[in-house]
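Contents: one structure, followed by commentary.
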Amino acid sequence: MNIPLSNGKLLPIEMHKIKIVQKTSLPPASQRLRAIEQAGYNTFLLRTRDVFLDMLTDSGTNAMSDAQLSAMMVADDAYAGSESYYRLADAVSDVLGFEYTLPVHQGRAAEHLLAKTFVKPGSIVLMNYHFTTSKAHVELAGGAVLEIFGDEAMNTHSADPFKGNLDIQKFRDAIAKYGADKIAYVRMEATTNLIGGQPFSLANLREVKAVAAAHGIPLVYDASLISENAWFIRQREPGYADRSIRDIMREMMSLVDIVYLSGRKSTAVRGGLIATNNKSYYDRILVWLPVYEGFATYGGMSTKEVEAMAVGMREMTDETVAGASADLIQYFVDRMVEAGIPAVTPAGGLAGHVDAKRFLPHIPQSQYPAGALAAAIYIASGVRSMERGTISTDRDANGNDVLADLELARLALPRRTYTLSHVEYTVDRLKWLYQRRDLVQGLTFVDEPPVLRFFFGRLTPINNWGAQLAAAFEADFGPRY
Ligand code: F0G
């Protein structure tokens with residue numbers, strides 16, 4: 001939450017106190033260099049003992065509340081009919097307004113079941129933007145993804161408050177071109193992850209619903225970051241400033257046919273779910289639930305996580321929770337912009353993002369500037385970020401690289417986990433790196449998996465630039481940091 005200071009500035013203040021901590025340590029630059037070399041310049045392959053601040057993701061890394069932890073102690077361990085499930089289903093009904101809840105082990109499992117149920121060979125799924133796993137499951141089921149975002153979505157230096165909006169004219173054009181029968185569903189991702197956590201507006205969702213309903217196309221909502229999207233609607237959309245987060249969520253959900261989420265983000269647990277009011281959709285998805293996930297009342301989650309999710313579902317409607325990460329990210333982005341670092345604007349949900357094309361303009365996309373930037377940030381700071389660019393986009397059927405729309409290094413701020421001094425430290429090291437950016441060069445693959453290659457791929461730095469960067473850092477800060 002932001003609190004106004006006497007100098008007129010806003011301070012993102014923590015509306016919680018810290019009761020349990022995990023010790024962290026700052027490995028010096030020489031150790032960081034060794035670690036990133038062993039990790040094949042892929043931050044996914046670092047061990048956390050070598051990481052100071054883990055900004056890889058906000059997935060499954062958020063601080064849980066005391067109420068969530070205590071709920072875990074009363075979990076009802078039953079294979080079938082667990083009371084924990086009914087507490088989760090009640091929370092989904094109260095908060096989101098859906099009668100049928102299918103638990104799954106995490107968000108991509110929901111995507112798998114939806115694709116299995118609705119996507120046939122030749123189907124098209126329309127999206128405001130894809131997420132890596134959402135696209136993979138549609139394609140594995142024989143379908144194709146068509147993204148229909150607006151012109152401003154790919155502008156990383158923008159003032160557009162809703163870059164996650166779906167382009168309604170392109171939606172109509174796609175229906176005219178392919179026919180509504182071929183469109184399995186239209187998927188709206190709350191705060192579109194891969195383009196910088198950018199929200200869509202309620203006005204846009206209403207229009208999407210009107211067009212989808214007119215053509216009998218189901219509207220699927222990826223709610224992994226629903227509380228952040230609701231938070232931005234309240235801050236940015238005219239007419240919503242005085243509405244509660246809960247109210248805004250309910251209004252969004254009233255337009256949706258199927259909602260699914262990774263519970264690892266907004267609800268701060270390790271799990272996921274699908275929910276709907278459509279009994280026929282529920283019945284069709286339910287067929288696959290025990291085959292791939294688990295029985296209908298646990299769906300591959302531990303009952304402890306089911307309990308914690310029920311609590312997290314209610315807590316994410318609290319504005320001090322919904323805005324906990326968003327306001328700190330806004331501060332982070334403002335500080336980066338002040339320091340001249342090319343951060344993605346406006347600030348979004350889940351992370352501060354740095355535009356690698358602008359940070360490292362001398363590296364061609366074929367040499368993976370965002371991957372190089374993520375590795376360089378780690379060498380310069382011990383902060384682990386994630387590449388969201390061409391490495392995160394798999395090759396096409398002919399084996400050619402598909403150059404990503406954006407090349408971003410994503411520095412996630414898990415909810416209630418890091419503090420203002422962590423953000424200040426990160427901005428300072430990014431500033432140092434920006435001054436030394438000429439030292440950073442590109443990467444080439446040495447080991448490249450065929451699907452979702454960003455997870456396990458190994459790369460090598462062109463001209464051994466990592467060692468030069470670590471040496472420059474040590475010359476400026478000494479061997480201890
Ligand atoms: N949808 C969105 C919008 C996501 O951000 C994610 C995961 C998923 C679906 C898949 O959920 O991980 O629980 O299986 N995002 C993580 C991230 C991995 O780091 O942004 P999952």
Side-chain angles (χ1 to χ4, degrees), residues 42-44 46 54-62 102-115 125 127-138 140 145 147 149 163-164 166 185 187-200 220-230 232 252 256 258-274 292-293 299-302 305-306 308-309 312 316 325 329 344 348-353 370 374 384-389 391-393 406 408-415 417 451-452 454-456:
N42 179 351
T43 55
F44 273 97
L46 289 166
D54 194 2
M55 300 188 184
L56 183 81
T57 178
D58 65 332
S59 172
T61 53
N62 303 286
L102 301 117
V104 293
H105 82 273
Q106 64 184 77
R108 68 201 66 186
E111 291 167 339
H112 176 215
L113 298 188
L114 290 175
V125 176
M127 301 185 180
N128 56 343
Y129 207 72
H130 78 278
F131 183 68
T132 52
T133 53
S134 57
K135 185 172 181 179
H137 282 296
V138 168
L140 287 168
V145 168
E147 293 162 314
F149 45 81
K163 289 197 288 183
L166 184 131
Y185 50 87
R187 169 182 174 275
M188 290 295 282
E189 182 178 306
T191 80
T192 37
N193 189 327
L194 296 187
I195 63 167
Q198 302 295 316
F200 52 76
V220 173
Y221 183 117
D222 180 338
S224 306
L225 285 130
I226 186 174
S227 49
E228 281 74 15
N229 207 109
F232 289 126
M252 287 195 280
V256 166
I258 298 174
V259 67
Y260 78 89
L261 55 86
S262 167
R264 301 168 63 88
K265 292 176 180 272
S266 283
T267 66
V269 298
R270 279 102 347 203
L273 61 78
I274 304 172
Y292 290 106
E293 295 296 304
M301 291 169 72
S302 93
E305 300 282 348
V306 174
M309 197 174 191
M316 74 177 179
S325 166
I329 291 166
V344 174
L350 95 139
H353 296 78
R384 171 159 74 161
S385 62
M386 182 193 290
E387 191 267 3
R388 296 277 72 158
I391 296 177
S392 294
T393 314
L406 298 179
L408 306 179
R410 181 182 88 173
L411 296 117
L413 289 180
R415 295 155 192 80
T417 303
V451 181
L452 299 180
F454 63 92
F455 282 129
F456 304 120

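In what follows, every heavy atom counts, from backbone to side chain, and hydrogens, waters and symmetry copies are set aside. Both ligands and their constituent atoms are indexed starting at 1 by order of listing. Since the structure is predicted, the reported quantities are computational estimates derived from the model, not experimental observations.
- On a distance-only criterion, Lys265 and ligand 1 share at least one N/O pair closer than 3.5 Å.
- Taking only nitrogen or oxygen atoms, main chain and side chain alike, Arg410 reaches within less than 3.5 Å of ligand 1.
- By the neighbour-count criterion of 12 heavy atoms within 6.0 Å, atom CZ of Phe456 is sparsely surrounded, having that number or fewer from other residues, nucleotides or ligands.
- Remark: ligand 1 and Gln106 share an N or O pair separated by less than 3.5 Å (distance only, no angle test).
- Below 4.0 Å from some heavy atom of Thr57 lie the following atoms of ligand 1, by number and element: 17 (C), 19 (O).
- Taking the six-membered ring for Trp and thresholds of 30 and 60 degrees, Tyr292 and His112 have ring planes more than 60 degrees apart, a perpendicular arrangement.
- When the options His105, His137, Arg108 are ranked by their closest heavy atom to atom 18 (C) of ligand 1, first place goes to Arg108.
- Checked against a 6.0 Å centroid threshold, the rings of Tyr221 and Phe200 count as neighbours.
- In plain terms, the two heavy atoms of Gly197 and His353 that are nearest each other are N-CE1, 4.0 Å.
- By the salt bridge (Lys or Arg N to Asp or Glu O under 4.0 Å) test, Asp58 pairs with Lys265, Arg415, sequence neighbours left out.
- Considering backbone and side-chain N/O of Tyr260, none are found under 3.5 Å from N/O of ligand 1.
- Ligand 1 places these atoms under 4.0 Å from at least one heavy atom of Gly107: 11 (O), 13 (O), 14 (O), 21 (P).
- At a threshold of 4.5 Å between non-hydrogen side-chain atoms, the residues Met127 and Glu189 do not count as touching.
- Between the side chains of Glu387 and Ser392, at least one donor-acceptor pair of N or O atoms lies under 3.5 Å.
- For ligand 1, the atoms closer than 4.0 angstrom to any heavy atom of Arg264 are 13 (O).
- Scanning the protein for heavy atoms near atom 5 (O) of ligand 1, the closest one is Asn193 ND2, 2.8 Å.
- Within the structure, ligand 1 has Ser224 among the residues with a heavy atom less than 4.0 angstrom away.
- Checked by atom type and distance alone, the side chain of Asn62 never pairs as donor or acceptor with a backbone atom of Val269 at under 3.5 Å.
- Judged by distance alone, the side chains of Asn193 and Arg388 never bring a donor and an acceptor atom under 3.5 Å apart.
- At under 3.5 Å, a nitrogen or oxygen of Asp222, whether backbone or side chain, sits near a nitrogen or oxygen of ligand 1.
- Considering backbone and side-chain atoms together, Phe131 places no N or O closer than 3.5 Å to any N or O of ligand 1.
- If you number the atoms of ligand 1 from 1 as listed, the ones under 4.0 Å from a heavy atom of Glu189 come out as 3 (C).
- A side-chain donor from one of Glu228 and Ser266 sits under 3.5 Å from a side-chain acceptor of the other.
- In terms of polar-atom proximity, defined here as any N/O pair under 3.5 Å, Arg388 makes no such contact with ligand 1.
- Less than 4.0 angstrom separates some heavy atom of Thr133 from each of these atoms of ligand 1: 10 (C).
- By the 30° and 60° cut-offs, the orientation of the rings of Phe44 relative to Phe454 is tilted.
- The protein atom (non-hydrogen) at minimum distance from atom 9 (C) of ligand 1 is Glu111 OE2, 3.3 Å.
- Among protein heavy atoms, atom 13 (O) of ligand 1 sits closest to Ser262 OG, 2.6 Å.
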